[in-house]
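One structure is given below, encoded as structure tokens.
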Amino acid sequence: MGNKPTVLVVDDETNIQILVRRNLLRYMARVHVMDVDIVFANNPPEALELMETTRVDLVITDVDMQHRHNGFWLKQAIPRGSRLFRSSL
């Protein structure tokens, strides 16, 4: 992914992933930040697996997913000392 900031969006609904991506890109254009990668995971375990190989700067997660692990679980699973910023939908 390079030196660009990476945003990880975790949601089990594709339409919500698309909506979050669209809104992030609109906001970044407004504040003149265009060089960002947006990656997606469909559930918290998939997100953690992705984070093992990808440097992630921001996680935006749904808290109420159909998967047995939810956004609250993901927040607890991310190591406390990480420099990662977390946000919930």
Side-chain angles (χ1 to χ4, degrees):
M1 299 278 155
N3 293 330
K4 296 189 277 187
T6 300
V7 177
L8 170 59
V9 178
V10 186
D11 200 300
D12 56 347
E13 297 182 49
T14 305
N15 59 331
I16 300 297
Q17 291 179 353
I18 292 168
L19 181 67
V20 171
R21 180 181 188 279
R22 185 180 315 140
N23 286 330
L24 276 172
L25 291 174
R26 282 182 187 161
Y27 173 77
M28 290 178 201
R30 216 173 314 153
V31 295
H32 307 290
V33 176
M34 294 300 295
D35 220 9
V36 65
D37 286 318
I38 302 173
V39 295
F40 300 93
N42 295 311
N43 57 61
E46 187 180 309
L48 287 177
E49 187 175 315
L50 185 95
M51 290 169 58
E52 289 178 6
T53 59
T54 304
R55 183 191 64 116
V56 173
D57 300 293
L58 171 67
V59 175
I60 301 173
T61 183
D62 185 4
V63 293
D64 185 28
M65 290 180 261
Q66 298 301 314
H67 194 272
R68 71 180 187 141
H69 299 301
N70 60 27
F72 294 118
W73 179 88
L74 178 60
K75 185 176 178 182
Q76 295 301 318
I78 295 172
R80 280 267 182 240
S82 74
R83 57 174 188 70
L84 186 64
F85 183 79
R86 293 158 276 217
S87 176
S88 302
L89 294 175

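Predicted model only: the values in this text are computed from it and were never measured.
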Next on the checklist: Show the nearest heavy-atom pair for residues Lys4 and Arg55, with the distance to one decimal.
Outcome noted: O-NH2, 2.7 Å

Checklist outcome for this item: Taking every heavy atom of Asp57 against every heavy atom of Pro5, the minimum-distance pair comes out as OD2-CA, 3.1 Å

Checklist entry - What is the distance from atom CD1 of Ile38 to atom CD1 of Ile60, rounded to the nearest 0.5 Å? => result 8.0 Å

Checklist entry - Got more than 12 heavy atoms from elsewhere within 6.0 Å of CD, Glu49? => result no

Checklist entry - So which of Leu48, Leu50, Asp62, Val59 actually passes side chain to side chain contact (heavy atoms under 4.5 Å, CB included) with Val10? => result Val59

Checklist entry - To the nearest 0.5 Å, how far apart are CG in Asn43 and CG in Asp12? => result 8.0 Å

Next on the checklist: When you measure from the side chain of Thr54 to the backbone of Met51, do you find a donor-acceptor pair of N or O atoms at a distance under 3.5 Å?
Outcome noted: no

Item to check | Gap between atom CD1 of Ile16 and atom CZ of Phe40 - 0.5 Å precision | outcome: 12.0 Å

Checklist entry - Looking at Leu58, Asp37, Val36, which one forms a side chain to side chain contact (heavy atoms under 4.5 Å, CB included) with Thr6? => result Asp37

Item to check | Minimum side-chain heavy-atom gap Gln17-Asn42 below 4.5 Å | outcome: yes

List the atom pairs, with distances to 0.1 Å, where a side-chain N or O of residues 20-30 and a protein N or O form a donor-acceptor pair under 3.5 Å, not counting sequence neighbours.
from, atom 1, to, atom 2, distance (Å)
Asn23, ND2, Leu19, O, 3.4

